[in-house]
Amino acid sequence: MSKYPKPETETELKSRVIELSGKSLSQLADEIHWPVPENLKHDKGWIGQLIEVHLGASAGNLSEPDFQNLGIELKTIPLNANHKPKETTFVCVVPLLSHIGLSWEDSCVFHKLSRVLWLPIEAAPSIPVAERKVGQGFIWSPSEQEMQELKDDWEEFMELISLGQVETITAHLGEHLQIRPKAANASVVTTGIGQDGLRKQTLPRGFYLRTSFTAQILQSQFN
DNA sequence: TGGTGATCATAC
DNA sequence: GTATGATCACCA
């Protein structure tokens, strides 16, 4: 889409983010001739993809940062009526087999969260999707303390997985990160390690950031 | 009513 | 199935 080429510099990206702030989703959708869904029940990724187009993110389902040349990952963050995160944030799929010898610095969580463009968007159910407005986006990296806490969570999870305990992991575990299912439905399977140490088919899972953590990020940015 | 567990669309 | 993008829906 030549109308929205990829930003070549961080400065360019930032100025485009400023241009988006305050705009409604129907404005953005109209510009690229996209219909606006009544609700997101069957279009859960619609807002994220709408923003990707407008910011010129390298689209597609590649395992690359959204802005590969800048090393920046784009995450929209839905806000409730109190302007706090409404949902957890998906980070990446949990490695259940090829994690042996994987270090924190080589993990998908480390890479995805090293540099993130957070873009808050109104998501209170009382506001029709078309009327929801884009907030003020900003580029973020974890503080030293946040990075350490994320690493601690990650290492706790990876140890359990190595021990074949993945099916004992619930979303209650983890300070900032949590592990929850990540699949089209409960019948999807991937290969993991069972309690006997042998391969076993199990439900794919993903790492998610708790809303308390993303709330902390927003607060440090706007307060 | 907030969080956990489940689910939806789409490209390849 | 795995990757991208996430929100839904129910129950404690």
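In what follows, every heavy atom counts, from backbone to side chain, and hydrogens, waters and symmetry copies are set aside. Throughout, protein chains are lettered first and strands after them, A, B, ... in sequence-line order, and every chain is numbered starting at 1.
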Q: Got A/D66 and A/E52 here, is their nearest side-chain heavy-atom distance under 4.5 Å?
A: yes
Q: Quick one: does A/K44 reach the base of B/dT7 with a side-chain donor-acceptor pair under 3.5 Å?
A: yes
Q: What class does the angle between the rings of A/H54 and A/Y4 fall in, given that below 30° is parallel, 30 to 60° is tilted and above 60° is perpendicular?
A: tilted
Q: Does some side-chain heavy atom of A/Q165 sit less than 4.5 Å from a side-chain heavy atom of A/E159?
A: no
Q: How bent is the helix from B/dT1-C/dA12 to B/dC12-C/dG1, comparing axes over its five end pairs at each side, to the nearest 10°?
A: 30°
Q: Choose from B/dG5, C/dG1, C/dG5 the nucleotide whose nearest atom is closest to any side-chain atom of A/T190.
A: C/dG1
Q: Rounded to the nearest angstrom, tell me the gap between atom CZ in A/F90 and atom P in C/dA3.
A: 9 Å
Q: What do you reckon, is CD of A/Q221 surrounded by more than 12 foreign heavy atoms closer than 6.0 Å?
A: yes
Q: So A/W118 and A/P85, do their side chains get closer than 4.5 Å, heavy atoms only?
A: no
Q: Salt-bridged, A/E10 to A/R115, with N to O below 4.0 Å?
A: yes
Q: When the distance from NE2 of A/H42 to C1' of B/dA9 is rounded to whole Å, what number comes out?
A: 10 Å
Q: For A/T76, which contact category applies under a 4.0 Å heavy-atom criterion: base, sugar-phosphate, or nothing?
A: sugar-phosphate
Q: Can you tell whether the side chains of A/K14 and A/E19 come within less than 4.0 Å, N to carboxylate O?
A: no
Q: Decide if atom CD of A/E144 counts as having more than 12 heavy atoms of other residues, nucleotides or ligands within a radius under 6.0 Å.
A: no
Q: Hey, does the side-chain of A/K182 have a donor or acceptor N/O within less than 3.5 Å of a partner on the base of C/dT4?
A: yes
Q: Can you tell me how the ring of A/F110 sits relative to the ring of A/W104, calling it parallel under 30°, perpendicular over 60° and tilted otherwise?
A: perpendicular
Q: Does A/Q136 CD have over 12 foreign heavy atoms under 6.0 Å away?
A: no
Q: What's the closest nucleotide to the side chain of A/A171 if the choices are B/dC8, B/dG5, C/dT4?
A: B/dG5
Q: What about the rings of A/F138 and A/F222, do their centers lie closer together than 6.0 Å?
A: yes
Q: Quick one: does A/T202's side chain get under 4.5 Å of A/V189's, heavy atoms only?
A: no
Q: To the side chain of A/L40, which of B/dA6, C/dT7, C/dA3 is closest?
A: C/dT7
Q: So which nucleotide from B/dT7, B/dG5, C/dT4 ends up closest to the side chain of A/R180?
A: B/dG5
Q: Figure out the NE2/P separation between A/H54 and C/dG5, and round it to whole Å.
A: 17 Å
Q: Using whole Å, what does the distance between atom C1' of nucleotide C/dT7 and atom CD of A/E38 come to?
A: 16 Å
Q: Please work out which residues in residues 193-209 of chain A have a non-hydrogen atom less than 4.0 Å from an atom of DNA chain C and list them by number.
A: A/Y208
Q: Closest heavy-atom contact between A/L177 and A/L150?
A: CD1-O, 3.9 Å
Q: Using modelled atom types and a 3.5 Å cut-off, is there a donor and acceptor pairing between side-chain atoms of A/Y208 and backbone atoms of A/P181?
A: yes
Q: Quick one, which residues of residues 129-139 of chain A touch DNA chain B with a heavy atom under 4.0 Å?
A: none
Q: Quick one: on DNA chain B, does A/T170 or A/N80 contact a more 5' nucleotide (nearest heavy atom)?
A: A/N80
Q: Within this structure, what is the NZ-to-C1' distance between A/K75 and C/dA6, rounded to whole angstrom?
A: 8 Å
Q: For nucleotides 10-12 of chain B, which of its nitrogen or oxygen atoms have a protein nitrogen or oxygen under 3.5 Å away, and what is each distance?
A:
from: B/dA11; atom 1: N3; to: A/N61; atom 2: ND2; distance (Å): 3.0

Q: Give the rounded distance in Å between these two atoms: CG of A/N185 and P of B/dA9.
A: 11 Å
Q: Can you tell me if A/T170 and A/R180 form a side-chain donor-acceptor pair at under 3.5 Å?
A: no
Q: Less than 4.0 angstrom from a charged side-chain N to a carboxylate O is my criterion; do A/E175 and A/R210 meet it?
A: no
Q: Under 3.5 Å, side chain of A/K86 to main-chain N/O of A/A123, donor-acceptor pair present?
A: yes
Q: Could you give the NZ-to-C1' distance, from A/K84 to B/dG3, as a whole number of Å?
A: 14 Å
Q: Counting only side-chain nitrogens and oxygens, does A/R210 get under 4.0 Å of the OP1 or OP2 atom of B/dG2?
A: no
Q: Inspect the surroundings of CD in A/E105 and state if more than 12 heavy atoms from other residues, nucleotides or ligands are less than 6.0 Å away.
A: yes
Q: Give the rounded distance in Å between these two atoms: CD of A/Q178 and P of C/dA6.
A: 16 Å
Q: Expected output is a numbered-order residue list: members of residues 112-126 of chain A with a heavy atom under 4.0 Å from any atom of DNA chain C. What is it?
A: A/K112
Q: When we call it a touch if two heavy atoms are under 4.0 Å apart, what does A/G48 touch: a base, just sugar-phosphate, or nothing?
A: sugar-phosphate
Q: Which protein N or O atoms sit under 3.5 Å from an N or O of nucleotides 9-12 of chain C?
A:
from: C/dA9; atom 1: OP1; to: A/K41; atom 2: NZ; distance (Å): 3.2

Q: If you measure only the distance, is there a donor-acceptor pair under 3.5 Å linking the side chains of A/T191 and A/Q201?
A: yes
